[in-house]
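See below for the structure under consideration.
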Amino acid sequence: MNNLTVLKNIFTKKSGFNFFKFGLLTLPSLPLLGSILLFIAAIIGSQKRSDYFLKDKYNFPFLLIGILMLLSCITQIFIPRDNVYSEWDYSLAFISLFNWLPFFWVFWSFKTFLINPKERQICTVYFTIGIIPLIFSCICQYWFEWYGPFGLFNNLIVWFQKPICSGKVYEECVTGVTGFFNNPNVAGSYFTMIMPFTIALLINKFKRLSNSKYLYLSIFISIIFFTFLTNSRNAWLGMIIIFILFNRFWLSIFLLFILFALFPIIINNFELFPHEIKDYIFDLIPYTTKQKFSTLSLDLLNNMHRLTIYKTSLLMIISKPFFGWGASIYPIFYLLRNEEYAGHSHNLFFELAINYGLPVSIIFIAFLAFLLKKSIDLNNKNTNKTIQIFDQAWYISTIVFIISHLFDVQYFDLRISITFWIVLSGIRAIIFEEEENLKTKDRIIRENS
């Protein structure tokens with residue numbers, strides 16, 4: 001077998017789908033390996049396509065966004081070096097494009113692996129199984145206090161996690177369970193993005209009375225449990241949205257779980273038990289969880305650091321609405337204006353507007369809304385309930401991502417951004433499939449009329 005034949009065998013859709021599946025499986029736990037596998041899959045997925053990139057009208061909004069981003073970066077070169085820009089390197093604006101431009105290609109390329117319901121269901125399994133190492137790392141962090149660092153492949157990949165805060169002074173810690181993500185908000189974001197796929201699998205397995213239903217039930221319960229223990233209010237909101245969007249039955253299960261989780265807090269506020277029992281049960285709640293609930297008071301609303309961040313973000317957007325300020329300049333501007341540090345605007349769409357201009361942010365938001373509406377409308381017309389529930393998971397995951405990024409930005413963690421673009425590509429595939437089915441039905445009707 002010559003080298004050309006070997007290369008042809010590698011560059012087939014079947015082999016590309018294998019790279020894609022194992023990329024999904026390894027992305028959360030081995031992000032470098034997962035990214036390489038997915039990159040190879042993306043190259044294979046770009047080959048021998050009848051719907052080449054410029055032929056697909058759904059790529060045009062991202063093509064326009066890419067052009068506007070490039071123009072924004074070029075304009076930053078010629079901005080006078082004032083007290084803000086003197087502290088900033090304009091090359092950062094160009095480097096930041098790697099967070100976006102490659103994914104516009106991925107959005108188109110990955111569609112080939114998600115084009116039919118069977119492939120999307122298989123990917124749902126790999127998404128769900130891929131979260132098991134994260135659950136394992138959360139167990140190690142929360143119960144066994146294993147923090148690492150643990151090196152793999154000669155320290156090419158390192159797992160490490162910090163202790164969870166216990167209230168001790170000068171303690172280097174995190175505010176909730178993180179697993180190897182090492183950030184509770186990022187871990188919570190990933191949990192809630194994968195949760196809809198786990199729910200779809202769970203519904204399907206119980207419907208078919210499959211023997212694997214208990215495995216997926218265990219994963220599902222673990223995801224809920226550790227999402228709650230991340231103490232990320234964003235993740236808690238995401239869980240509520242997921243259960244509401246699925247249906248009331250799943251919402252009731254979620255509410256029962258939350259009631260059970262909050263039981264120690266509830267009984268602590270009622271004179272139903274002796275103080276010794278109340279103190280013992282209340283001590284079971286992690287310190288950081290109690291702290292989160294204590295800061296939910298509306299009295300603190302006007303003093304929230306987040307509001308100052310949003311006000312500064314809006315000021316920056318209004319000041320330079322067309323091409324923005326340039327990527328990575330927000331911390332500098334915020335520090336000069338407020339004399340304290342903030343790493344980003346805590347809103348992905350503000351971040352886009354600040355970095356590249358308001359038109360980029362508006363086009364991005366509008367196109368996401370269009371894709372979601374289109375996929376939801378087409379999915380509601382689908383009479384196959386199994387396909388409907390699985391496809392529902394793809395758009396619910398996207399909705400949770402969008403809402404989460406209204407209050408924080410986890411996007412710049414590579415695992416979150418890659419997962420988001422894969423899910424968005426899945427929505428594009430759903431739309432493509434349903435549109436093709438409708439065209440086929442119309443053609444058959446015309447031929448028979």
Side-chain angles (χ1 to χ4, degrees), residues 61-62 64-73 75-76 79 84-85 87-88 90 92-101 103-104 183 185-186 188-189 192-193 232-235 237-238 241 301-372 398-414 416-417 420-421 424:
F62 292 133
L64 177 58
I65 288 172
I67 292 169
L68 291 173
M69 284 180 166
L70 280 169
L71 287 173
S72 170
C73 292
T75 61
Q76 310 308 329
I79 291 176
V84 176
Y85 284 99
E87 302 291 326
W88 179 71
Y90 69 82
L92 293 174
F94 289 93
I95 293 170
S96 74
L97 293 176
F98 286 99
N99 290 314
W100 299 99
L101 298 188
F103 292 114
F104 300 162
N183 181 295
N185 290 325
V186 176
S189 179
T192 53
M193 286 183 74
S232 167
R233 283 171 286 204
N234 242 356
L237 175 63
I241 291 165
L301 188 60
N302 292 326
N303 298 321
M304 284 175 60
H305 181 51
R306 193 71 54 89
L307 287 181
T308 306
I309 290 174
Y310 289 156
K311 288 175 184 176
T312 304
S313 301
L314 290 171
L315 174 65
M316 293 179 75
I317 293 167
I318 293 168
S319 301
K320 293 192 175 185
F322 296 111
F323 291 113
W325 288 75
S328 303
I329 204 168
Y330 184 87
I332 299 170
F333 184 94
Y334 190 90
L335 182 63
L336 289 172
R337 179 177 174 80
N338 300 297
E339 298 183 348
E340 58 181 346
Y341 178 79
H344 53 78
S345 61
H346 283 76
N347 181 301
L348 183 62
F349 308 106
F350 285 174
E351 196 77 8
L352 278 169
I354 291 166
N355 292 349
Y356 306 107
L358 197 54
V360 166
S361 186
I362 291 172
I363 295 168
F364 188 64
I365 295 168
F367 190 51
L368 287 183
F370 169 77
L371 288 174
L372 282 171
T398 307
I399 291 170
V400 169
F401 171 90
I402 292 170
I403 293 175
S404 171
H405 280 74
L406 295 176
F407 309 106
D408 199 4
V409 179
Q410 307 92 28
Y411 178 86
F412 297 111
D413 185 291
L414 188 64
I416 299 294
S417 56
F420 166 69
W421 285 100
L424 202 64

So, the side chain of Ser72 versus the backbone of Leu68: is there a donor-acceptor pair under 3.5 Å, distance only?
no
Is a side-chain N or O of Asn347 found less than 3.5 angstrom from the main chain of Phe407, in a donor-acceptor match?
no
Nearest 0.5 Å please: distance from the CZ atom of Phe401 over to the CH2 atom of Trp421.
8.5 Å
Can you tell me if Asp408 and Asn185 form a side-chain donor-acceptor pair at under 3.5 Å?
yes
Name every donor-acceptor pair, under 3.5 Å, that has one atom in a side chain of residues 315-331 and the other anywhere in the protein, sequence neighbours excluded.
residue: Ser319; atom: OG; partner: Leu315; partner atom: O; Å: 2.7
residue: Lys320; atom: NZ; partner: Tyr85; partner atom: OH; Å: 2.9
residue: Trp325; atom: NE1; partner: Met316; partner atom: O; Å: 2.7
residue: Tyr330; atom: OH; partner: Ile309; partner atom: O; Å: 2.9
residue: Tyr330; atom: OH; partner: Ser313; partner atom: OG; Å: 3.4

In terms of heavy-atom contacts, does CD of Glu339 have more than 12 from other residues, nucleotides or ligands at under 6.0 Å?
no
So which heavy atom on Ile416 is nearest to which on Ser189, and how close?
CD1-OG, 3.9 Å
Geometric class of the Phe62/Phe364 ring pair [parallel <30°, tilted 30-60°, perpendicular >60°]
tilted
Test of understanding: with salt bridge (Lys or Arg N to Asp or Glu O under 4.0 Å), list the residues that count as partners of Asp413, not counting sequence neighbours.
Arg415
Partners passing side chain to side chain contact (heavy atoms under 4.5 Å, CB included) against Ile67 (at least two apart in sequence or in another chain)
Leu71
Could you check whether any side-chain N or O of His344 sits under 3.5 Å from a backbone N or O of Ala342, counting only pairs where one atom can act as donor and the other as acceptor?
no
Only distances under 3.5 Å count here; give the side-chain donor-acceptor pairs of residues 353-363 to other protein atoms, sequence neighbours excluded, each with its distance to 0.1 Å.
residue: Asn355; atom: ND2; partner: Glu351; partner atom: O; Å: 3.4
residue: Tyr356; atom: OH; partner: Ser96; partner atom: OG; Å: 2.5
residue: Ser361; atom: OG; partner: Phe349; partner atom: O; Å: 2.8

Apply side-chain hydrogen bond (donor to acceptor under 3.5 Å, both in side chains) to Trp100 and list each qualifying residue two or more places apart in sequence or on a separate chain.
none
Would you mind reporting whether Leu414 and Ser417 have side-chain heavy atoms less than 4.5 Å apart?
yes
Full working for side-chain contact (heavy atoms from CB on, under 4.5 Å) between Leu424 and Leu368
CA-CA 9 Å; Leu424 202 64; Leu368 287 183; 3.7 Å; yes
How many angstroms lie between CG in Leu237 and OG1 in Thr192, if you round to the nearest 0.5 Å?
9.5 Å
Check whether any side-chain heavy atom of Thr398 lies under 4.5 Å from a side-chain heavy atom of Leu371, and answer yes or no.
no
Nearest 0.5 angstrom please: Tyr310 OH to Leu406 CG, how far?
7.5 Å
Can you tell me how far apart CG (Leu92) and CD1 (Ile332) are? Round to the nearest 0.5 Å.
8.0 Å
List the steps and the verdict of side-chain contact (heavy atoms from CB on, under 4.5 Å) for Ile65 and Leu352.
CA-CA 10 Å; Ile65 288 172; Leu352 278 169; over 6 Å; no
Which residues pass the side-chain hydrogen bond (donor to acceptor under 3.5 Å, both in side chains) test with Asn338, sequence neighbours left out?
Thr312
Check the surroundings of atom OH in Tyr334: do more than 12 heavy atoms from other residues, nucleotides or ligands lie under 6.0 Å from it?
yes
Taking the six-membered ring for Trp and the single ring otherwise, decide whether the centroids of Phe420 and Phe103 are under 6.0 Å apart.
no
Student check: side-chain heavy atoms of Gln76 and Trp88 closer than 4.5 Å
yes
